[in-house]
> 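Sharing a structure below in structure tokens format, with a few things to ask.
Counting from 1, the numbers follow the sequence of the chain as shown.
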Amino acid sequence: MEVKRRKRVSLNKIKVGVMLMVVVGLVIALLNIDTIARIGTNTALNHYLVAGGELEAVDVRLLEGRVTLSGLVIHPPPGFEPHPVLFLKRIEVDMAPWALLKGKVVIENLVVKGLSLNIIRDKKGQLSPLELMVARSPGPEPQPENQPIEEVPPWIPMVHAHAIQGEDVSFRLTDRMLEKDWSASLNAGLKIEGLQIEDVLNLDILVGRVNLKLNDILVDQPPGFSREPMLAVNKLAVASESINLKSPEISIHMVGLDRMAASLERNQEGDVNLFKLVDAWLPVSAEGDDQEANANTPATAADAPAIPFKLPTLVVDSIQLKSISAQLLDSMDGQPWRAGFDGLDLSVTALAVGDLSEMAVSLASFDMDLRGINVDQPPGYSETPLLSMASLKLASQGMDLAATEVTVSDVTLDTLNVSLERNAEQEINLLKLAESWLPTSDEDNNDPSMPGPALPESPGPEVNIHGVVVD
């Protein structure tokens, strides 16, 4: 009996000792969880990424459900230097940990500060984010099974976020595949009060109050055009009280655009800057290549006729455009030609955009002030502008393009000058200018490769103008 008692005492001591070691280990781990998380993250970054990365600091507070990361850097792959692909100054996440037990992610507050994202396309057409991972040798191919495997949809938890905020966020896109480096950049700020993602696959997403601000938007000209930016925007702001992606109507409270300058150009080779830029990023494959690829591709369930999808009606309570300028430049004939305006202020209320094929566009009020309008003569005519106007003002109270009648309450033209000329070849300047930009040959009209929007069969509404003032 004495031997058995001593064995039980020894066994209990061992159990107590093991428990004490586990407790001490947990305490040490909790006290050093920040260091453990930082070292583990840096080890993973340098193991899986080609150029590695670095995380400066981690602050984990399990009982409070708070995680803070500081100084995260993702270094660029070789050939995509010098800027890091991603730099994050700080991110703070406050969560409700116990909600995870119910299959729900509850974020009390998410703050992102100082996020910078740089994407580069090199001369071979490779994008820097796609070259980040270390290449791994492929594993053995899985053996085919006789019984088909039933595909199970992925489990995606519900996400509820009370507040999301992004400060000092910047994005830059650089293309080195063109003749010269091209870039586009912007700065952004975002604030969301309330986000509920119940079922992301079925777009069961409800967004609360949203404030989005885009600043310093800059899009360079592609090579072969002028040095002026193709697009420059000082500020673009979008605000909404609530957005339900399953609703047949998407409501936006306000859209504001301040100080925008746009330049559409055609060079001596007949290339248009916007089209050249789109072709560089979205190349259209040849029709023969598409047909050959389709012929060699076996039919799948994805080839079945698509289910008709109707876009929701977009409703914007207020649109405010201030200090907008635009110009159209042409150098195709070897001589510079310009048309444009120096300033545009526009105010629209209660804009509703539905099915464009049915001209389902309506608004409550419309006020426009267009200033500094000028259209040069085409080459071969006098130096007098074809058209110049100090200002053009339009106003309307209520407009529905689907109606049989559209009413414009006021039209004001200030200092209008028009010069129609016919040169020695009996060509009229206005017609020559229209033909240079809008070719009307039957070949162009019947070209199936020139898609266009579906237009309504009706000729459109009648336009009634109540008041016209010409100074």
> Could you grab the distance from atom CG of L351 to atom OG of S362, nearest 0.5 Å is fine?
7.0 Å
> Verify whether one side chain among E228 and S226 offers a donor that lies under 3.5 Å from an acceptor in the other.
no
> Could you tell me if the side chain of L329 sits less than 4.5 Å from the side chain of P336, heavy atoms only?
no
> Tell me, do L115 and V112 make a side-chain contact under 4.5 Å, heavy atoms counted?
yes
> Please determine whether side-chain contact (heavy atoms from CB on, under 4.5 Å) holds for the pair I91 and L110, giving the CA-CA distance in whole Å, both sets of side-chain angles, and the decisive distance to 0.1 Å.
CA-CA 7 Å; I91 179 171; L110 172 61; 4.0 Å; yes
> Using modelled atom types and a 3.5 Å cut-off, is there a donor and acceptor pairing between side-chain atoms of D122 and backbone atoms of K124?
yes
> Please report the closest heavy-atom contact between E198 and H160, naming both atoms and the distance.
OE2-NE2, 2.7 Å
> For residues V210 and L190, determine if any side-chain heavy atom of one lies less than 4.5 Å from a side-chain heavy atom of the other.
yes
> Is the backbone of P223 close enough, under 3.5 Å, to the side chain of K276 for a donor and an acceptor to pair up by distance?
yes
> Check for a donor-acceptor pair, side chain of S409 on one end and backbone N or O of A395 on the other, with a separation under 3.5 Å.
yes
> Measure from the side-chain N and O atoms of S396 to the backbone N and O of T407, and report whether any donor-acceptor pair falls under 3.5 Å.
yes
> What verdict does the side-chain contact (heavy atoms from CB on, under 4.5 Å) test give for L392 and V411, after you've listed the backbone C-alpha separation in whole Å, the side-chain angles of each residue and the deciding distance to 0.1 Å?
CA-CA 7 Å; L392 169 64; V411 177; 4.2 Å; yes
> Name all pairs fulfilling the side-chain hydrogen bond (donor to acceptor under 3.5 Å, both in side chains) condition that reach into residues 337-356, sequence neighbours left out, sorted by first residue then second.
Q320-S347, Q327-R338, D345-R371, T349-S365, D355-S357
> CG of L264 to CG of L274: how many Å apart, nearest 0.5 Å?
6.0 Å
> Taking all atoms of both residues into account, what is the closest heavy-atom pair of I205 and N244, and its distance?
O-OD1, 3.5 Å
> Between N273 and N267, is any pair of side-chain heavy atoms under 4.5 Å apart?
no
> Check this for me: E383, atom CD, are more than 12 non-hydrogen atoms of other residues, nucleotides or ligands nearer than 6.0 Å?
no
> Can you check whether L277 reaches V219 side chain to side chain, under 4.5 Å on heavy atoms?
yes
> For a 4.5 angstrom cut-off between non-hydrogen side-chain atoms, does N234 reach D216?
yes
> Between W182 and Q221, what is the shortest heavy-atom contact and its length?
CD1-O, 3.5 Å
> Enumerate donor-acceptor pairs with a distance under 3.5 Å from any side-chain N or O in residues 74-83 to protein atoms, sequence neighbours excluded.
residue : atom : partner : partner atom : Å
E81     : OE1  : G79     : N            : 2.9
E81     : OE2  : G79     : N            : 3.4

> Should L386 and Y381 count as side-chain neighbours, where that means a heavy-atom distance under 4.5 Å?
no
> Could you measure the distance from the CG atom of L212 to the CG atom of L214? Nearest 0.5 Å is fine.
4.5 Å
> Out of curiosity, K322 NZ to L257 CG, how far, rounded to the nearest 0.5 Å?
11.0 Å
> Is a side-chain N or O of S251 found less than 3.5 angstrom from the main chain of S240, in a donor-acceptor match?
no
> Looking at CG of D199 and NZ of K246, how far apart are the two atoms once the value is rounded to the nearest 0.5 Å?
7.5 Å
> At what distance, to the nearest 0.5 angstrom, does CD of Q377 lie from CG of L430?
9.5 Å
> For residues N118 and S128, report the shortest heavy-atom separation together with the two atoms involved.
O-OG, 3.9 Å
> Should E421 and I428 be marked as a side-chain contact (heavy atoms from CB on, under 4.5 Å) after you check the CA-CA gap, both sets of side-chain angles, and the distance that decides it?
CA-CA 6 Å; E421 299 182 15; I428 299 178; over 6 Å; no
> Kindly check if the number of other-residue, nucleotide or ligand heavy atoms within 6.0 Å of NZ (K393) is above 12?
no
> Test salt bridge (Lys or Arg N to Asp or Glu O under 4.0 Å) on R266 and D330 and set out the steps.
CA-CA 5 Å; R266 183 170 63 178; D330 189 7; 2.7 Å; yes
> Apply the test side-chain contact (heavy atoms from CB on, under 4.5 Å) to residues L433 and V375: give CA-CA distance (whole Å), side-chain angles for both, the deciding distance (0.1 Å), then the verdict.
CA-CA 10 Å; L433 190 60; V375 179; 4.0 Å; yes
> Looking only at heavy atoms, which two atoms of P312 and E249 are closest? And how far apart?
CB-N, 4.2 Å
> With a 4.5 Å limit on heavy-atom distance, are the side chains of L346 and V348 in contact?
yes
> What residues, two or more places apart in sequence or in another chain, satisfy side chain to side chain contact (heavy atoms under 4.5 Å, CB included) together with M177?
R121, D175
> Over all heavy atoms of both residues, which pair between V233 and D258 is shortest? Give the atoms and the distance, please.
CG1-O, 4.4 Å
